[in-house]
Amino acid sequence: MKKIKLDIVGLSYSQTQSGAYALVLGEMGGNRRLPIIIGGFEAQAIAVEIEKMQPSRPLTHDLFKTFADNFQINIQEVLIYNLVDGIFFAKLVCSNGDKTFDIDSRTSDAVALAVRFGAPIYVYDFIMDAAGIVIESNDFAFLENLEGLHKENTMTSAASTEKENAPTSPYRTMSNEQLEMNLKKAIEAEQYETAAKIRDEIDRRKNG
């Protein structure tokens, strides 16, 4: 199966799930985006490393990095390899210098570790075909509202901070025709979580 390289292009408060965040991965050299809903703690862990902040105490993913470094284990890449009932499955491709081995991981944890190890993130093409959203401009490429994730807050407090400054939905940059096209594609691929978000934006426009 063909692998597609991804980059982190978005991290914002989820418009549809309270206390959750939308992590948006973008196709390198392409115009497709892969939105993934993650928890507040994982969003904080990703944001802290992207912004190169130094928390007073190591976060869990920082501890994992230190542990791996001390035992000469390196993450070579992160691979999102499956999508079942709207849930993404990922694995860490690791090496200790002598052999390479895979470790199963939640996608959010895998991305948080990838940014710490400087490891590339990949997804199989069939997953991008099923769950990816086509963007015809660069309006969707953003890294916003990370400030509230820098502090060592609980998930609840971080979520409430972001909710007070809730960002614009990424789907608001799409035309009505693009929304309808992506809604049809999501339903056909049985990506009902994505379809629900798109339908929310369509309803918002209809209601003014």
Side-chain angles (χ1 to χ4, degrees), residues 1-39 42-43 46 75-93 102-115 119-144 167-205:
M1 288 179 285
K2 180 183 177 181
K3 294 193 298 185
I4 297 173
K5 191 173 183 179
L6 303 173
D7 192 18
I8 301 174
V9 297
L11 184 60
S12 61
Y13 190 79
S14 173
Q15 300 292 309
T16 60
Q17 295 189 28
S18 177
Y21 290 78
L23 168 67
V24 183
L25 303 175
E27 178 182 23
M28 297 286 286
N31 63 346
R32 291 184 294 178
R33 301 292 184 262
L34 191 67
I36 301 173
I37 300 301
I38 65 175
E42 292 77 15
I46 294 170
I75 295 178
Q76 296 183 327
E77 69 179 55
V78 164
L79 176 62
I80 302 172
Y81 67 90
N82 205 359
L83 176 63
V84 180
D85 296 331
I87 298 175
F88 293 92
F89 290 77
K91 60 183 176 182
L92 310 173
V93 181
D102 298 343
I103 299 177
D104 190 39
S105 171
R106 295 188 305 171
T107 301
S108 55
D109 289 327
V111 171
L113 290 172
V115 295
I121 303 169
Y122 294 95
V123 64
Y124 281 135
D125 55 353
F126 79 90
I127 298 175
M128 183 61 87
D129 290 340
I133 297 174
V134 177
I135 304 298
E136 296 184 0
S137 70
N138 291 326
D139 295 340
F140 195 65
F142 59 93
L143 275 172
E144 59 183 7
T168 301
S169 166
Y171 300 108
R172 294 189 183 185
T173 62
M174 294 184 181
S175 66
N176 291 336
E177 291 76 15
Q178 287 175 315
L179 286 172
E180 294 292 347
M181 179 185 68
N182 281 285
L183 175 60
K184 181 179 179 182
K185 179 180 176 182
I187 293 174
E188 289 175 349
E190 298 184 355
Q191 302 304 312
Y192 301 119
E193 182 176 296
T194 298
K197 296 175 190 175
I198 298 173
R199 189 177 291 110
D200 286 345
E201 175 60 22
I202 293 173
D203 290 343
R204 185 192 67 80
R205 295 186 187 186

Worksheet item: What heavy-atom pair brings Tyr81 and Ile127 nearest, and what distance separates the two atoms?
Response: C-CD1, 3.4 Å

Practice prompt. First locate atom CD1 of Ile4, then atom CD1 of Ile121, and finally report the distance between them rounded to the nearest 0.5 Å.
Written response: 14.0 Å

Worksheet item: Does any non-hydrogen side-chain atom of Ile8 lie less than 4.5 Å from one of Leu23?
Response: yes

Worksheet entry | Separation of Ile80 CD1 from Met128 CE (nearest 0.5 Å) | 8.0 Å

Fill in: Residue pair Leu34, Val123: steps toward the side-chain contact (heavy atoms from CB on, under 4.5 Å) verdict
CA-CA 10 Å; Leu34 191 67; Val123 64; 4.2 Å; yes

Practice prompt. Considering non-hydrogen atoms only, spot the tightest contact between Phe89 and Val84 and give its length.
Written response: CE1-CB, 3.8 Å

Worksheet item: What distance do Tyr124 atom OH and Lys2 atom NZ have between them, rounded to the nearest 0.5 Å?
Response: 13.5 Å

Worksheet entry | Straight-line distance of Ile37 CD1 to Tyr21 OH, nearest 0.5 Å | 12.0 Å

Worksheet item: Is a side-chain N or O of Asn31 found less than 3.5 angstrom from the main chain of Val134, in a donor-acceptor match?
Response: no

Item to complete: Taking all heavy atoms of Gln76 and all of Pro120, pick out the closest pair and write down the distance.
Response: O-CD, 3.2 Å

Worksheet entry | Residue pair Ala114 / Val78: nearest heavy atoms and the distance that separates them | CB-CG2, 3.8 Å

Fill in: Least distance between heavy atoms, Ala110 atom then Ser105 atom
N-OG, 3.4 Å

Discussion item. Is it true that, when you exclude Lys5 itself, more than 12 heavy atoms of the residues, nucleotides or ligands shown sit nearer than 6.0 Å to its NZ?
Written reply: no

Worksheet entry | Shortest non-hydrogen contact from Asn82 toward Phe126 | OD1-CZ, 4.0 Å

Worksheet item: How long is the gap from CD1 on Ile36 to CZ on Arg106, to the nearest 0.5 Å?
Response: 12.5 Å

Discussion item. Is the shortest side-chain heavy-atom distance between Leu92 and Asp109 below 4.5 Å?
Written reply: no

Practice prompt. To the nearest 0.5 Å, tell me how far Met181 CE sits from Ile133 CD1.
Written response: 10.0 Å

